[in-house]
*Asks:* 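Have a look at this one.
The shown structure was predicted, so the numbers you read here are calculated from the model rather than taken from an experiment. Residue numbers start from 1 in every chain, and the chains themselves are labelled A, B, ... in the order their sequence lines are given, proteins ahead of strands.
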Amino acid sequence: MNKHLVEIVEKTQLNSDTYQFTIHAPELSDSALPGQFLHINCSSDVAMLRRPISIFDIDKAKYTVSFVFQVRGHGTELLAKKNVGDKLDILAPLGNGFAVNSTFKSVCIAGGGIGIFPLFALLKQYPDAHKTSIVGFTSVGKFVINDEFAAISDKFIYCTDDGSGGFHGNTAQALELQLQAGDLPDIIYACGPTMMLNAIAKLSMQFNIPCQVSLEERMACGIGACLVCACKTKADSQSGWQHSHVCKDGPVFWAQDVVWEN
Amino acid sequence: MNKHLVEIVEKTQLNSDTYQFTIHAPELSDSALPGQFLHINCSSDVAMLRRPISIFDIDKAKYTVSFVFQVRGHGTELLAKKNVGDKLDILAPLGNGFAVNSTFKSVCIAGGGIGIFPLFALLKQYPDAHKTSIVGFTSVGKFVINDEFAAISDKFIYCTDDGSGGFHGNTAQALELQLQAGDLPDIIYACGPTMMLNAIAKLSMQFNIPCQVSLEERMACGIGACLVCACKTKADSQSGWQHSHVCKDGPVFWAQDVVWEN
Amino acid sequence: MNLSVNIGSLHLNNPVIAASGCFGFGREYSEYVDLNKLGAISVKGLTLEPRQGNAAPRCAETPGGMLNSVGLQNPGVHYFIEQEIPFLRQYSAKIIANIAGNSLDDYCQMAAILDDTDIDAIELNVSCPNVKAGCMAFGSSVDGISEVVSAVRARTVKTLIVKLTPNVRDIKEIALAAERNGADAVSLINTLLGMAIDINKKRPILANNYGGLSGAAVKPVALRMVHEVTNCVKIPVIGMGGICCWQDAIEFMLAGASAVMVGTANFINPLITIEIATGIEAYMRTQNYLSIEELNRALKMN
Amino acid sequence: MNLSVNIGSLHLNNPVIAASGCFGFGREYSEYVDLNKLGAISVKGLTLEPRQGNAAPRCAETPGGMLNSVGLQNPGVHYFIEQEIPFLRQYSAKIIANIAGNSLDDYCQMAAILDDTDIDAIELNVSCPNVKAGCMAFGSSVDGISEVVSAVRARTVKTLIVKLTPNVRDIKEIALAAERNGADAVSLINTLLGMAIDINKKRPILANNYGGLSGAAVKPVALRMVHEVTNCVKIPVIGMGGICCWQDAIEFMLAGASAVMVGTANFINPLITIEIATGIEAYMRTQNYLSIEELNRALKMN
Ligand SMILES: Cc1cc2nc3c(=O)[nH]c(=O)nc-3n(C[C@H](O)[C@H](O)[C@H](O)COP(=O)(O)OP(=O)(O)OC[C@H]3O[C@@H](n4cnc5c(N)ncnc54)[C@H](O)[C@@H]3O)c2cc1C
Ligand SMILES: Cc1cc2nc3c(=O)[nH]c(=O)nc-3n(C[C@H](O)[C@H](O)[C@H](O)COP(=O)(O)OP(=O)(O)OC[C@H]3O[C@@H](n4cnc5c(N)ncnc54)[C@H](O)[C@@H]3O)c2cc1C
Ligand SMILES: Cc1cc2nc3c(=O)[nH]c(=O)nc-3n(C[C@H](O)[C@H](O)[C@H](O)COP(=O)(O)O)c2cc1C
Ligand SMILES: Cc1cc2nc3c(=O)[nH]c(=O)nc-3n(C[C@H](O)[C@H](O)[C@H](O)COP(=O)(O)O)c2cc1C
Ligand code: FES
Ligand code: FES
């Protein structure tokens, strides 16, 4: 069973609205895969839906898992108020993680905003490959965990939408420059706003590079039962598409399997 | 305006489910009267109604007011989780306090369960009178702040419904014995379950002693606007009664003005 | 930027109105709120004769909301005219007289009486679920509403607002009937009929057994109904039901409401009406809306 | 003490049923819950042909509740029969097939098809607010419900449960029409039609604009309707709407419900169905009720 009551063992405020929590969760640290998520009960109120948050890091030695989240609305606000020693009611690990292939020599991750969080644990799965990280935020003030990404990457590119630091533009544009310059990885992993993912999916097809994207959708159950977290994927059916579900069939999909709408 | 954001400066757990909070509230400590109540916002949730809680004690020198409450349901449960240093959003002082007459030589209070709390500050208004306190609980295990009442009273009688300590019976029965024994105070003040208040009101009429009771009713606004906290009182109208409102016309009423239903 | 709105011939300085039954006659809240800063106050539902209402308990908290079964306790329309209008007239907030009756004749008499007084509008309460006779019965059928609205319309030249009940299958047809029969505006929603049971006492919590549900919990239903109604009538719509913050008020105005009424939220925060008015103004400023009408037109459907 | 109940010829070991659309086909929750401990499972609403449902977002959180606009995405009745019944039959929980159609013919065909299969009951969903054609249209008028219930009744000997919509003026007349036309039981409530707006995007949050409100917020309305219906029909009533804990379930059973369905609460606590069953048992023990029927008769009105 994926329901756990875990203790918060570390809490760090990364910037004005972003927090990193580490939980003690032996089972979870053993089985969880990068790209999977936790479905977190943020409130004591029996009527508040859980919030999906990706796994940021896994420490099997310490039996811990950590996640990073931005305060957006009521749920994440309550979550941010929890402290070390508090218990968290989570469903985890949920969904499918990223496909990791140890024969890959060169991997690239592209993350926009809160989309960078699931990509960190993923990079750690590639100790030997050449790792390019492209991370983007709206503005330098919003940067979090850049240093960690820089430290673990062989090439590190950071972007800001407003040009206040690094590459002026989004991660898809930065990726395009890399690809055009002939820096072609064996795989691209991307997570972030849909527009960015759509652009990256197109680039991956154009340059014929396998690409996985992690999608976001509003969720209720988190386990494939309620069907609210629909996303369009390709299908053999007459229409050519079907509604898959981000929580169960994803959140990670092959970019070519997704039906991208404009 | 009666809306204040006050700080909790002391928190004491009196027994398994009863707490005493002291708040720093200069204005309130100056103006509040025994018998008035605080209307407390227990939650950060914008949709939870306030909870009415009586003033337990007032310390004008320290600019503090304290209240004692029992955890019953969701609201008081959340309130109990607040800690020293937290801010409380309160409307206070609300309602009418007890009528205090300094010429009285002998006063008697009768409190049942959580009904004893508003009577403590009241007794303090009578430094010179002979004070009889009759307090009752279901069982000895439920006793709280008995010592404080004993210390401040000239005569102290405690009752338990189950006979596990003190007088076996309720405070109305204990009061009746006092009155029958000729121990007749100038006034009786009572607060507790309606059945008990009803019995005490009858005794007060029988022995012709002025009596004030503090009533409870479910509240929303607390200030006389929504009209949900109705109680039947006598009126000059054809029917002989009207609906008064506990929050505004009370919570303290003269026993003879209340229409007691059986 | 202009926050004022017109509801028929009723001109409001801003679109925030205190909802009937939740603000007394303004007196109680005047200690907390500058009544000059409200668009209007809809007073406690009035009847021809004084009423004592239902027995207590009249209130039960429910998840995200509350049930009430006050049952129109009020001092009667004459007392209101003599004692309350003069008090309210000291302030610039417009006065809306919310009226309820057992019979068609009650409504007509009250409308005629109020027509001669210094109030700004009549809100026809044909939607109170807490009284035995009349009221919601009129409001839940096209025939009932047509009858009462046309009769009252004939008795008054005041701005006539008809307050609709959500306890119907199709609120659009009720709203259209109100419009057809002379309403200057409709306001919605009144409370949803509900119940709560005390499982220890094995009795309904409310002495009246059933009561009206209000507060945050009803907001999605209210918003949907307001949206449906604004899309079918041409008269102004006043939206309410669960508005607890300025963001909620903006949702209703995006759904097409010319003004909003705030009820239950006053009980939790007595300053909420003013905070909502301030929030609406700030939102319009940052979003560059010059008028409430612009806001009313801003919603794009998916 | 006996927790079992009979709904028509359907015998349930206990009165807790997973509500349609909130428990998939049982598979997803089988990891969390021992399906043998449930009275029954009402599966995701089935249609004759597979359906992809509405576009995303299909969900919006609201105060104390949620809106959904899934729109009956499902693999079709044939897939259900081949792939899901065999899985569910491994457990003792009874299987209720929830069916929805665009037309009378759809309902009839599905009922006839399912009549030959190893299911225990059919729940006629004439109350889904999220699809364009059919469904709720049937459920919101006496004529509509009479037509569809009598037609389906003629096609099946399975226990026939008719699921009612709360989006009506008088749910009693709808329930009575279902009973008159051959329903073995009624279940209520389906979702209340609602809306939520994103004030930054100025668009409804749901891609479908409107959606169905469920969860704690609707409990008072659901409870009142269940109470109304149990007091007018003679067939068993299955109560639901906002049940989040065993205390809520007891409220519904005191209101007269023979069994309860639990929907939205599963999303927050996947173990809730079992916790409710355990809580009901403990309550009955401490209160000395020997059967659910006793509990159903225990409510005293004020
Ligand atoms: C698979 C997955 C992984 C995620 N990982 C992370 C992460 O690692 N760090 C992080 O900061 N955020 C992550 N998110 C986004 C995060 O779930 C939302 O920011 C969060 O749910 C917002 O809740 P709230 O209470 O702050 O906002 P509210 O606006 O109060 O939320 C209201 C409702 O909308 C839903 N919702 C709102 N925004 C989103 C969104 N962007 N995606 C999904 N549901 C949303 C909420 O879950 C809730 O049901 C992830 C989302 C998904 C689907
Ligand atoms: C004037 C007045 C003074 C009071 N003083 C005290 C006091 O000093 N100490 C103390 O422990 N209690 C006092 N009470 C009772 C206290 O208000 C209730 O115990 C409390 O509101 C219960 O809230 P809850 O969240 O625990 O229960 P819930 O059951 O969650 O409450 C649900 C709703 O019912 C109302 N409610 C439930 N029980 C009562 C009740 N007995 N009286 C009024 N409303 C109720 C709540 O306010 C709330 O609106 C007083 C009540 C009144 C009216
Ligand atoms: C305690 C209470 C009393 C009410 N009395 C009246 C009334 O007298 N007349 C009326 O038209 N509506 C009355 N209402 C309904 C409100 O005006 C409003 O329509 C409803 O509560 C929904 O708005 P809200 O969620 O903001 O409270 C009352 C509501 C409450 C909670
Ligand atoms: C996501 C979701 C999907 C639903 N799908 C169906 C369905 O397919 N058929 C049906 O009859 N009811 C459906 N319902 C309604 C529920 O079965 C139930 O009637 C309603 O949600 C009220 O109960 P609750 O508050 O416990 O959720 C659905 C509800 C939700 C939240
Ligand atoms: S959230 Fe329920 S199916 Fe994905
Ligand atoms: S609680 Fe509103 S009038 Fe007393």
Side-chain angles (χ1 to χ4, degrees), chain A residues 1-5 39-52 72-76 89-95 194 215-233 235-250 258-259 261, chain D residues 18 21-34 43-45 50-75 205-207 211 214-219 242-245 247-248 263-272:
Chain A
M1 192 178 68
N2 284 332
K3 189 168 187 294
H4 312 278
L5 199 66
H39 212 26
I40 305 179
N41 196 342
C42 301
S43 151
S44 59
D45 181 347
V46 291
M48 180 179 257
L49 294 176
R50 291 171 182 268
R51 302 298 194 250
R72 288 280 178 91
H74 197 47
T76 49
D89 162 13
I90 61 170
L91 307 184
L94 299 185
T194 311
L215 301 183
E216 266 185 26
E217 194 44 73
R218 284 172 188 257
M219 293 184 181
C221 72
I223 62 170
C226 73
L227 310 186
V228 303
C229 63
C231 66
K232 264 192 175 175
T233 57
D236 281 339
S237 65
Q238 216 184 333
S239 66
W241 65 270
Q242 66 186 3
H243 270 138
S244 293
H245 295 93
V246 170
C247 70
K248 202 185 165 197
D249 306 312
V258 175
V259 177
E261 321 228 84
Chain D
C22 302
F23 212 75
F25 294 103
R27 275 180 204 279
E28 294 77 13
Y29 281 99
S30 64
E31 193 195 327
Y32 296 88
V33 162
D34 179 355
V43 302
K44 176 64 199 168
R51 280 212 203 168
Q52 293 303 324
N54 294 321
R58 293 177 172 184
C59 165
E61 194 176 56
T62 65
M66 64 174 275
L67 292 167
N68 91 80
S69 56
V70 170
L72 292 178
Q73 178 172 9
N74 80 95
I205 292 181
L206 300 173
S214 63
V218 309
K219 198 187 74 173
I243 297 179
C244 296
C245 55
Q247 290 90 338
D248 295 340
T264 304
N266 290 291
F267 308 155
I268 295 146
N269 177 5
L271 312 182
I272 193 66

*Asks:* Under 4.5 Å from any heavy atom of chain D, what part of A:Lys248 do you find: side chain, backbone, both or neither?
*Replies:* side chain
*Asks:* If you define the side chain from C-beta out and look only at heavy atoms, does anything of D:Asn54 sit under 4.5 Å from A:His243?
*Replies:* no
*Asks:* Determine whether A:Asn2 and D:Tyr32 make a side-chain contact, defined as any pair of heavy atoms from C-beta on separated by less than 4.5 Å.
*Replies:* yes
*Asks:* D:Pro270 versus A:Lys3: any side-chain heavy-atom pair under 4.5 Å?
*Replies:* yes
*Asks:* Check A:Ala220 against D:Met66 and note the closest heavy-atom contact, atom names and distance.
*Replies:* CB-CE, 4.0 Å
*Asks:* Looking at CG of D:Asn269 and CZ of A:Arg50, how far apart are the two atoms once the value is rounded to the nearest 0.5 Å?
*Replies:* 6.5 Å
*Asks:* Is any side-chain heavy atom of D:Glu31 closer than 4.5 Å to one of A:Ile223?
*Replies:* no
*Asks:* Examine whether an atom of A:Gln242 lies under 4.5 Å from a heavy atom of chain D, and if so say whether it belongs to the side chain, the backbone or both; otherwise answer neither.
*Replies:* both
*Asks:* Without swapping roles, check the side chain of A:Glu217 against the backbone of D:Ala56 for a donor-acceptor pair under 3.5 Å.
*Replies:* no
*Asks:* Could you state the interatomic distance from CG (A:Leu49) to CD (D:Glu61), rounded to the nearest 0.5 Å?
*Replies:* 4.5 Å
*Asks:* Need one label for D:Phe23: side chain, backbone, both or neither, based on atoms under 4.5 Å from any heavy atom in chain A.
*Replies:* backbone
*Asks:* With a 4.5 angstrom heavy-atom cut-off, which part of D:Ile272 approaches chain A: side chain, backbone, both or neither?
*Replies:* neither
*Asks:* Looking at A:Ala230, A:Cys221, A:Ala225, A:Ala47, which one has more heavy-atom pairs under 4.5 Å with chain D than the rest?
*Replies:* A:Ala225
*Asks:* Looking at chain D, which one of A:Ser239, A:Gly224, A:Gly73, A:Gly222 has the largest number of heavy-atom pairs inside 4.5 Å, strictly under?
*Replies:* A:Gly224
